[in-house]
S.K.: 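Handing you a structure now.
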Amino acid sequence: MNDRYCVFGNPIAHSKSPMIHAAFAEQTGEAMEYTAIEAPLNDFAGAWERFVAEGGRGANVTVPFKEEAFRLCDTLSRRARRAGAVNTLLLGKNGLTYGDTTDGVGLVRDLQYHEVGLGGARILVLGAGGAVRGILEPLLAMQPSSVHVANRTASKALALAEDFADLGPIDGGGFDAVAGPFDLVINGTSASLSGELPPLPDDLFSRGACAYDMMYGAEPTVFLHWAEGRGARGIDGLGMLVEQAAESFFLWRNRRPETGSVRAALRNLLLE
């Protein structure tokens with residue numbers, strides 16, 4: 001009988017995770033099945049408990065349940081404690097629930113895949129929500145020269161930067177106080193979903209800079225379209241999705257899948 005895994009979200013029908021993990025399982029020969037489950041908005045803990053009772057071994061967690069997943073864990077990784085959120089659940093042999101977050105690792109690995117230099121880089125991160133909180137520790141571990149967090153509400157960016165100040169050179173402020181140039185600009189806001197753009201200066205990018213949007217789609221996001229028009233190289237978050245999934249797969253199965261072929265298949269699927 002195959003080991004059971006899933007992704008929880010609400011809504012979840014759009015999720016590419018079942019396809020990604022099916023490809024990883026086939027590639028590595030792991031006996032597992034992976035499905036998408038729409039958990040009730042008011043009972044995520046119950047959905048996890050039911051899945052475990054039915055033989056579930058682990059799960060990915062997406063919007064809007066990452067904070068609830070954090071709260072139900074018996075044990076948390078250091079990076080999950082830092083992020084205040086969990087996107088990967090693992091049922092231990094002792095019956096306890098272990099929580100981790102692989103989003104930041106996924107982002108860094110995708111940037112490395114695209115040969116974006118992080119050591120010594122001047123980095124701007126847009127947004128101060130949960131998505132950004134989840135990537136700051138792995139980013140700072142790459143020893144950039146500075147990380148500046150910018151948000152519409154400056155106090156949120158300042159508070160977030162203070163939470164991570166012990167890990168490296170990081171500060172925060174409002175969009176109106178952003179002063180470039182930056183080598184890497186990461187959009188962690190939800191603006192791309194609504195086709196909006198944060199108010200940013202035109203001289204944001206250094207020569208050879210990269211613009212990264214944590215969202216992805218068949219077409220470049222409005223942020224990437226704007227950035228590419230100002231000389232930056234644009235990268236969307238599809239690779240981050242695949243790389244964070246690969247890290248979750250490793251946590252569950254102790255096997256590290258190859259991601260290049262899965263990236264290509266997913267990109268082709270988007271373009272169909």
Side-chain angles (χ1 to χ4, degrees), residues 103-128 131-152 157 160-161 164 167-193 195-244 246-247 259-260 262-264 266-267 270-271:
D103 288 331
V105 172
L107 170 70
V108 167
R109 289 201 181 132
D110 192 33
L111 289 166
Q112 291 171 329
Y113 178 89
H114 289 283
E115 298 182 344
V116 177
L118 297 174
R122 191 172 183 212
I123 300 174
L124 170 65
V125 181
L126 305 174
V132 168
R133 177 173 282 275
I135 66 170
L136 290 178
E137 181 181 7
L139 265 185
L140 287 163
M142 301 307 294
Q143 298 184 311
S145 66
S146 65
V147 173
H148 181 76
V149 179
N151 191 58
R152 196 175 303 277
L160 187 57
F164 288 84
L167 298 182
I170 182 170
D171 63 2
F175 287 137
D176 56 351
V178 171
F182 294 94
D183 306 308
L184 171 63
V185 179
I186 299 170
N187 182 25
T189 74
S190 58
S192 290
L193 293 176
E196 297 174 359
L197 185 72
L200 300 168
D202 284 335
D203 58 351
L204 198 60
F205 301 101
S206 64
R207 184 180 298 276
C210 176
Y212 191 98
D213 200 322
M214 291 168 65
M215 304 293 176
Y216 68 93
E219 300 292 331
T221 66
V222 63
F223 168 72
L224 292 182
H225 184 75
W226 177 86
E228 288 168 353
R230 283 149 187 82
R233 174 166 67 118
I235 303 171
D236 71 11
L238 182 140
M240 176 180 171
L241 174 70
V242 176
E243 294 294 344
Q244 64 83 22
E247 182 71 4
T259 56
V262 182
R263 287 166 172 270
L266 196 54
R267 182 69 68 189
L270 281 180
L271 296 176

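Positions are given from 1 along the sequence.
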S.K.: With the side chain counted from C-beta on, respond yes when Y113 and R263 share a heavy-atom pair under 4.5 Å apart, and no when they do not.
M.R.: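 They are in contact (side-chain heavy atoms under 4.5 Å apart), so the answer is yes.
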S.K.: Measure across L200 and F223 and return the closest heavy-atom pair with its distance rounded to 0.1 Å.
M.R.: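 What the structure gives for the nearest pair is CD1-CE1, 4.3 Å.
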S.K.: Can you check whether M214 reaches I135 side chain to side chain, under 4.5 Å on heavy atoms?
M.R.: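 Sidechains of I135 and M214: in contact.
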S.K.: Taking atom CG of D110 and atom CD1 of I235, what is their separation to the nearest 0.5 Å?
M.R.: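 These two atoms lie 6.5 Å from each other.
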S.K.: Looking at R233, I want to see if its CZ is surrounded by more than 12 non-hydrogen atoms of other residues, nucleotides or ligands under 6.0 Å.
M.R.: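 Yes, because the 6.0 Å sphere around CZ of R233 holds more than 12 heavy atoms from other groups.
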S.K.: Atom CD1 of I123 and atom CG of L118: how far apart are they, to the nearest 0.5 Å?
M.R.: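 Atom-to-atom, I123:CD1 and L118:CG are 5.5 Å apart.
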S.K.: How close do P138 and G134 get, heavy atom to heavy atom, and via which atoms?
M.R.: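 Where P138 meets G134 most closely, the heavy atoms are CD-O, 4.2 Å.
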S.K.: Quick check: closest heavy atoms across A246 and T259, and the distance to 0.1 Å?
M.R.: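 Closest pair (atom of A246, atom of T259, distance): CB-CG2, 3.7 Å.
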S.K.: On the 0 to 90° scale, with breaks at 30° and 60°, tag the W226-F205 ring pair as parallel, tilted or perpendicular.
M.R.: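 If you compare the ring of W226 with that of F205, the planes turn out tilted.
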S.K.: What are the two closest non-hydrogen atoms of L139 and P144, and how far apart are they?
M.R.: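 Minimum heavy-atom separation between L139 and P144: O-CD, 3.4 Å.
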S.K.: Heavy atoms, side chains only, cut-off 4.5 Å: are Y212 and L107 in contact?
M.R.: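 Side-chain contact under 4.5 Å: yes.
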S.K.: Give, for atom CG of D171 and atom CZ of F164, the distance between the pair rounded to the nearest 0.5 Å.
M.R.: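 Nearest 0.5 Å value for the CG-CZ distance: 14.5 Å.
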S.K.: More than 12 heavy atoms of other residues, nucleotides or ligands under 6.0 Å from CD of Q112: yes or no?
M.R.: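 Correct, the count exceeds 12.
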S.K.: Can you find a pair of side-chain heavy atoms, one from M142 and one from V108, that are under 4.5 Å apart?
M.R.: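 Yes, at least one pair of side-chain atoms sits under 4.5 Å.
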S.K.: Crowded around E228 CD? As in, over 12 foreign heavy atoms under 6.0 Å?
M.R.: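 Result for CD/E228: enclosed.
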S.K.: Distance from L238 atom CG to L270 atom CG, nearest 0.5 Å?
M.R.: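 Separation between the atoms: 5.5 Å.
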S.K.: Would you say L160 and N151 make side-chain contact, with heavy atoms under 4.5 Å?
M.R.: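 A side-chain contact is absent here, since even the closest heavy-atom pair is not under 4.5 Å.
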S.K.: Could you tell me if the side chain of R207 sits less than 4.5 Å from the side chain of P181, heavy atoms only?
M.R.: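 No, every pair of side-chain atoms sits at 4.5 Å or beyond.
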S.K.: About how many Å separate CG of D176 and CZ of R152, when rounded to the nearest 0.5 Å?
M.R.: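 The distance works out to 10.5 Å.
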S.K.: Are the side chain of Q244 and the backbone N or O of L241 linked by a donor-acceptor pair below 3.5 Å?
M.R.: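 Yes, Q244 side chain to L241 backbone: donor-acceptor pair under 3.5 Å.
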S.K.: Which pair of heavy atoms, one from A131 and one from G188, lies closest together, and at what distance?
M.R.: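 Closest approach of A131 to G188, heavy atoms only: CB-O, 4.1 Å.
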S.K.: Which heavy-atom pair separates C210 from V116 by the least distance, and what is that distance?
M.R.: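 Nearest heavy atoms, C210 then V116: SG-CG2, 3.9 Å.
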S.K.: Are E196 and V222 side-chain neighbours, meaning at least one heavy-atom pair lies under 4.5 Å?
M.R.: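 No, their side chains stay 4.5 Å or more apart.
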S.K.: Give a yes or no on this: more than 12 heavy atoms of other residues, nucleotides or ligands lie within 6.0 Å of atom NE2 of H114.
M.R.: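 Yes.
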S.K.: Can you check whether V105 reaches E243 side chain to side chain, under 4.5 Å on heavy atoms?
M.R.: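 No, every pair of side-chain atoms sits at 4.5 Å or beyond.
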S.K.: Which one of D236, D213, N187 satisfies the side-chain hydrogen bond (donor to acceptor under 3.5 Å, both in side chains) criterion with T221?
M.R.: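 Answer to the side-chain hydrogen bond (donor to acceptor under 3.5 Å, both in side chains) test with T221 among D236, D213, N187: D213.
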S.K.: Give a yes or no on whether the backbone of S145 and the side-chain of R122 come within a donor-acceptor separation of less than 3.5 Å.
M.R.: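 Side chain of R122 to backbone of S145, a donor-acceptor pair under 3.5 Å: no, none is there.
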